[in-house]
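First comes the structure, then the notes that go with it.
When a ligand or atom number is given, it counts from 1 through the structure's own listing order.
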Amino acid sequence: MSSSLHECCLKRSEAIRNEFPMLSVVENGHPMVYFNNAATAMTPKSVINAMTEYYEEYGVNIARGVDAIGYRATHLFEATRVKVADFLGAERSDSVVFTRGTTAALNLVCSSFGNLVVEAGDEIIVSGGEHHANYIPWQQLAKNKGAQLVLAELDEDGKVTPEALQKAMTPKTKLVALFHISNVMGAVHDVKALAKVAHDGGAYFVCDGAQGIVHDQINVVETDVDFYAFSGHKLFGPTGVGVLYGKYDLLKRMPPIEFGGEMISLVDVYDTTFADPPHRFEAGTMPIAEVIGLGKAIDYVNRYGYCAMQRRVEYLTSIAVEKLQAQPNVTIYNPHNYASGIICFNIEGIHPHDAAGIYDREGISLRAGHHCSQPMMRELKQFATLRASLAFYNTEEEVERFVEATEMAGDFLDILF
Ligand code: PMP
């Protein structure tokens with residue numbers, strides 16, 4: 001790279017980092033290296049400002065009054081629904097239900113739709129690579145209904161191929177629930193091909209997009225998913241808000257699972273008729289500031305562009321993987337999955353929690369544990385792993401510090417023994 005191009009890249013990287021106030025936090029005396037983006041990403045100022053503006057200028061409830069200020073809040077809330085629908089490539093905005101996050105969205109599909117369509121003797125396919133949020137609800141539904149939970153086989157990268165899904169399908173398969181990108185292995189699913197296998201076999205397809213939405217732009221119409229769930233906080237937006245996309249005709253068949261304000265059509269003495277989707281599923285006061293903040297996060301992603309973000313993530317992840325692979329005591333469980341920014345690894349002889357303590361001392365924040373995916377730990381035959389997860393705003397220097405800290409953690413063993 002020429003020196004002027006290099007300088008230009010540095011300036012751009014600095015300008016981007018300045019948009020994220022948390023990136024200048026100091027941890028244990030070091031500028032923080034935030035490599036825990038798959039847990040929660042940092043939030044840009046535009047999102048924070050939009051939420052502050054709501055609280056300072058028009059922080060009232062929505063859909064309840066006829067006053068101008070209430071109208072402004074309602075309008076911005078509903079405009080975000082349209083923005084989310086466009087972002088997902090959905091045909092209609094009333095296919096977008098706001099929820100508390102991916103977990104709440106998946107539980108809603110399971111408790112309402114799953115409960116409606118799954119019967120005793122049916123089969124529900126998941127994989128061992130799912131987050132608990134896309135595993136336990138289906139496991140419990142199967143248990144309660146007398147249905148069978150079936151695990152599709154994972155390949156060595158941690159994904160279910162269309163062929164493996166085909167193998168798991170039987171005439172009894174009612175529903176398939178799989179991740180878009182896995183939070184442990186960072187494996188990327190061919191969502192369109194998997195949805196086709198499910199549909200050809202007469203089953204519904206639910207997709208957990210918590211990680212996928214960040215790295216692999218989804219088009220819900222092209223992929224033909226029946227349901228797609230994601231959270232705001234992984235997409236550079238606020239916590240406490242998420243989305244369930246559903247095909248409208250399916251949402252229309254689903255009963256609400258929460259009852260209260262603003263989800264009804266008519267409350268009679270002994271019965272109630274419910275509002276049409278999506279409001280039927282949005283009982284009570286919604287996270288208004290967070291929904292508006294999510295809209296700003298989507299603006300941010302659209303402004304930066306998926307391609308540019310992904311180029312950075314893949315580049316940074318590839319150099320980190322290459323450098324870690326040069327350390328003989330490091331085992332990387334997913335050496336080929338650069339697209340997610342996730343590196344799942346262990347350092348020989350050190351418990352991941354102890355290693356995470358060493359990283360923390362160096363100001364490096366990453367995740368250690370089972371990552372809310374004990375089935376995946378079972379597949380890996382590990383109790384826990386380390387997980388570094390990179391975002392487009394991370395830098396080469398941060399990768400370098402991470403690699404040095406990994407070496408240090410390895411040397412820690414030599415000091416002990
Ligand atoms: N699924 C996956 C793949 C995830 O990574 C996560 C978050 N770690 C979830 C579901 C749950 O998301 P949330 O906690 O935002 O509901």
Side-chain angles (χ1 to χ4, degrees), residues 34-43 47 84 97-111 126-140 152 154 157-160 176-189 191 194 205-216 218 225 227-245 257 281 286-287 290-291 293-294 297-298 313 333-334 337 339-344 365-377 379-380 384-391:
Y34 190 70
F35 276 8
N36 202 5
N37 294 285
T40 292
M42 306 275 89
T43 318
V47 172
V84 172
V97 181
F98 289 117
T99 68
R100 188 172 51 81
T102 308
T103 303
L106 291 168
N107 274 278
L108 169 58
V109 189
C110 184
S111 300
V126 294
S127 82
E130 304 307 314
H131 186 282
H132 291 162
N134 197 35
Y135 191 95
I136 308 172
W138 307 114
Q139 177 200 57
Q140 293 299 304
L154 297 172
D157 287 331
K159 65 179 188 300
V160 177
V176 176
L178 293 171
F179 60 80
H180 180 177
I181 293 185
S182 77
N183 66 310
V184 178
M185 298 289 275
V188 184
H189 271 159
V191 173
L194 293 171
F205 188 78
V206 178
C207 190
D208 170 1
Q211 300 293 336
I213 193 80
V214 187
H215 301 284
D216 187 22
I218 186 81
V225 290
F227 295 97
Y228 189 87
F230 72 93
S231 303
H233 67 103
K234 299 197 197 273
L235 191 68
F236 318 107
T239 56
V241 64
V243 165
L244 175 68
Y245 158 82
I257 59 165
F281 306 110
M286 294 298 286
E290 288 78 3
V291 165
L294 172 62
I298 288 175
V313 168
Y333 301 107
N334 64 337
N337 298 341
S340 61
I342 289 173
I343 308 168
C344 177
S365 174
L366 46 65
R367 176 111 187 242
H370 54 61
H371 317 293
C372 300
S373 185
Q374 287 183 346
M376 191 63 222
M377 291 300 109
E379 299 257 349
L380 290 174
T385 74
L386 288 157
R387 183 187 71 181
S389 51
L390 282 60

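Every atom of ligand 1 is numbered from 1 in the order shown, and the set under 4.0 Å from a heavy atom of His233 is 13 (P), 15 (O). Within ligand 1, counting atoms from 1 as listed, the ones closer than 4.0 Å to a heavy atom of Gln211 are 3 (C), 4 (C), 5 (O). Proximity to Ser231 (heavy-atom distance under 4.0 Å) selects the following atoms of ligand 1: 12 (O), 13 (P), 15 (O), 16 (O).
Between Pro238 and Thr43, the closest side-chain pair of non-hydrogen atoms is not below 4.5 Å. Val126 places none of its side-chain heavy atoms less than 4.5 Å from the side chain of Asn134. Counting heavy atoms from C-beta outward, Phe230 and Leu235 have side chains that approach closer than 4.5 Å.
For atom 16 (O) of ligand 1, the nearest non-hydrogen atom from the set Thr103, Val184, Val241, Ile342 comes from Thr103.
When only modelled atom types and interatomic distance are considered, Asp208 and His131 share no side-chain donor-acceptor pair under 3.5 Å.
Ranking protein heavy atoms by distance to atom 7 (C) of ligand 1, first place goes to Lys234 NZ, 2.6 Å. From the protein, the heavy atom lying nearest to atom 6 (C) of ligand 1 is His131 CD2, 3.3 Å. Atom 1 (N) of ligand 1 has Asp208 OD2, 2.6 Å as its closest protein atom, hydrogens excluded (heavy atom only).
Minimum interatomic distance between Leu294 and Gly232 (heavy atoms only, all atoms of both residues): CD1-CA, 3.8 Å.
In this structure, CG in Leu366 is found 9.5 Å from CZ in Arg387, a value given to the nearest 0.5 Å.
By the criterion of a heavy-atom distance under 4.0 Å, neither the backbone nor the side chain of His371 is placed next to ligand 1. Contacts between Thr102 and ligand 1, counted as non-hydrogen atom pairs separated by less than 4.0 Å, involve both the backbone and the side chain.
The main-chain N or O of Gly369 is found under 3.5 Å from a side-chain atom of His371 such that the two form a donor-acceptor pair.
The aromatic rings of Phe179 and His189 sit parallel to each other, their planes meeting at less than 30°, with 60° as the upper class boundary.
Within the structure, the closest approach of Arg100 to ligand 1 does not fall below 4.0 Å when heavy atoms are considered. Put simply, no part of Asn134 is less than 4.0 Å from ligand 1, judged by heavy atoms.
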